[in-house]
There are 2 protein chains.
Amino acid sequence: MAYSKAGQFPRMDVEIASIAKALAHPARVMILQHLARMQTCICGDIVSELPLSQSTVSQHLRELKKAGLIKGEVDGPRVCYCLNIEKLRRANLVLNQLFKDIKCY
Amino acid sequence: MAYSKAGQFPRMDVEIASIAKALAHPARVMILQHLARMQTCICGDIVSELPLSQSTVSQHLRELKKAGLIKGEVDGPRVCYCLNIEKLRRANLVLNQLFKDIKCY
DNA sequence: ATTGTATATCGTAAATATACGATATAAATA
DNA sequence: TATTTATATCGTATATTTACGATATACAAT
């Protein structure tokens with residue numbers, strides 16, 4: 001991220017921002033939705049679902065993994081991705097708390 | 001945004017991403033929280049609340065305005081900002097719908 | 001009219017994000 | 001072992017974001 005002052009913001013606000021950042025690209029939103037539909041957390045399929053090259057999709061997957069929203073597991077020559085349910089529940093909680101704090105729910 | 005393919009993603013996913021992007025910096029989260037606390041939507045106060053320069057805060061305010069999450073109204077030499085409650089409700093709705101879609105709530 | 005105050009905008013630098021093709025890696029299969 | 005397949009990473013180009021100081025703007029007050 002192009003901000004150099006992360007330490008100067010409240011911990012919770014940094015967490016909210018980090019979660020929001022992971023959701024801040026339509027490709028990544030689509031990836032989450034796709035992973036939710038296919039319980040059998042397919043992987044190369046994601047590439048064919050998106051209008052983006054394989055390497056770009058791989059970058060988005062890395063972003064989602066970095067934020068903890070998905071997990072990837074090697075399975076032979078391929079990698080199976082799946083949602084990280086706990087972290088996503090936490091994301092939902094944290095965002096709802098924000099809207100509650102600002103009285104918009 | 002550094003993506004050139006917005007038209008190729010579902011409208012709803014673009015909306016989610018755009019909302020998330022507005023929330024993707026702790027300074028902007030803090031601004032929303034501050035505006036919620038002070039109903040009298042103060043403005044220059046925001047600058048003194050944040051560890052950032054006046055011009056940088058102004059940029060963040062512009063981002064929030066662009067996303068529609070806040071409104072700014074000129075009042076003499078100063079500008080009063082306040083939350084855009086309807087848009088924030090919509091943001092909450094849309095994000096909750098995402099978490100519902102992916103079964104993480 | 002001049003001065004002061006509050007914001008926005010400009011110019012700029014540096015970091016990060018997006019996107020792709022090409023290449024490397026790792027594992028299954030022939 | 002060689003080949004195919006699936007994915008990640010590298011290199012690179014471009015766009016965007018973050019951040020600041022300096023300057024412009026717009027209004028109020030002197």
Side-chain angles (χ1 to χ4, degrees), chain A residues 1-9 13-14 17-31 34-35 38 40-67 70-82, chain B residues 1-9 13-14 17-31 34-35 38 40-67 70-82:
Chain A
M1 207 177 298
Y3 64 83
S4 40
K5 309 197 151 187
Q8 310 190 39
F9 294 102
D13 292 351
V14 172
S18 142
I19 289 165
K21 199 165 114 60
L23 300 177
H25 193 294
R28 294 196 287 269
V29 174
M30 284 188 76
I31 289 172
H34 186 71
L35 288 178
M38 323 289 285
T40 46
C41 51
I42 295 153
C43 137
D45 286 349
I46 296 168
V47 174
S48 41
E49 285 287 311
L50 297 180
L52 296 171
S53 74
Q54 181 266 321
S55 55
T56 301
V57 171
S58 197
Q59 269 184 52
H60 284 302
L61 288 167
R62 196 198 329 187
E63 288 290 308
L64 286 168
K65 234 190 316 185
K66 197 182 71 183
I70 65 173
K71 294 186 271 192
E73 207 180 324
V74 176
D75 164 33
R78 62 201 77 190
V79 178
C80 271
Y81 283 101
C82 58
Chain B
M1 202 180 297
Y3 64 83
S4 41
K5 309 200 155 187
Q8 311 190 37
F9 295 102
D13 292 351
V14 172
S18 141
I19 290 164
K21 199 165 113 65
L23 301 176
H25 194 294
R28 294 197 287 270
V29 174
M30 283 187 79
I31 290 171
H34 186 71
L35 288 178
M38 325 290 284
T40 47
C41 49
I42 296 152
C43 137
D45 286 350
I46 297 168
V47 173
S48 41
E49 285 287 313
L50 296 180
L52 295 171
S53 76
Q54 181 267 321
S55 55
T56 301
V57 171
S58 197
Q59 269 184 49
H60 283 302
L61 288 167
R62 195 196 331 182
E63 288 291 307
L64 286 167
K65 234 191 315 187
K66 198 182 70 182
I70 67 173
K71 293 187 272 196
E73 207 180 325
V74 175
D75 164 34
R78 61 200 78 191
V79 178
C80 269
Y81 283 100
C82 59

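- The distance between atom CG of B:Leu50 and atom P of D:dC20, rounded to the nearest whole Å, is 11 Å.
- Distance check, rounded to the nearest 0.5 Å: CD1 of A:Ile31 to CD1 of A:Ile46 gives 5.5 Å.
- Rounded to a whole Å, the CD1 atom of A:Ile31 is 11 Å from the P atom of C:dA19.
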(request) Any chance you could list the contact pattern along nucleotides 4-9 of chain C? Use B for base contacts, S for sugar-phosphate-only contacts and - for none, protein heavy atoms under 4.0 Å, 5' to 3'. (result) --BBBB
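- Partners of A:His60 by ring pair (Phe, Tyr, Trp, His ring centres under 6.0 Å), not counting sequence neighbours, listed by chain and number: A:His25.
- Nucleotide C:dT16 holds its P atom 11 Å from the NE2 atom of B:His25, rounded to whole Å.
- Across the protein-nucleic acid pair, B:Glu63 atom CD and C:dT16 atom C1' stand 14 Å apart, rounded to whole Å.
- Qualifying side chain to side chain donor-acceptor pair (under 3.5 Å) partners for B:Thr56, counting only residues two or more places apart in sequence or in other chains: B:Ser53.
- With rounding to whole Å, B:Phe9 atom CZ is found 11 Å from C:dA19 atom C1'.
- Each of A:Ala27 and A:Val74 lies near DNA chain C, and the nucleotide nearest A:Ala27 is the one positioned closer to the 5' end.
- With sequence neighbours excluded, the residues forming a side-chain contact (heavy atoms from CB on, under 4.5 Å) with A:Gln54 are A:Val47, A:Ser58, listed by chain and number.
- Screening residues 52-64 of chain B for salt bridge (Lys or Arg N to Asp or Glu O under 4.0 Å) gives B:Glu63-B:Lys66 as the qualifying pairs, with residues at least two apart or on separate chains.
- As a whole-Å value, the separation of A:Leu52 CG from C:dA19 P is 5 Å.
- As rounded to whole Å, 14 Å separates atom P of D:dA6 from atom CD1 of A:Ile46.
- Considering only residues two or more places apart in sequence or on other chains, A:Ile42 meets the side-chain contact (heavy atoms from CB on, under 4.5 Å) condition with A:Met38, A:Thr40, A:Asp45.
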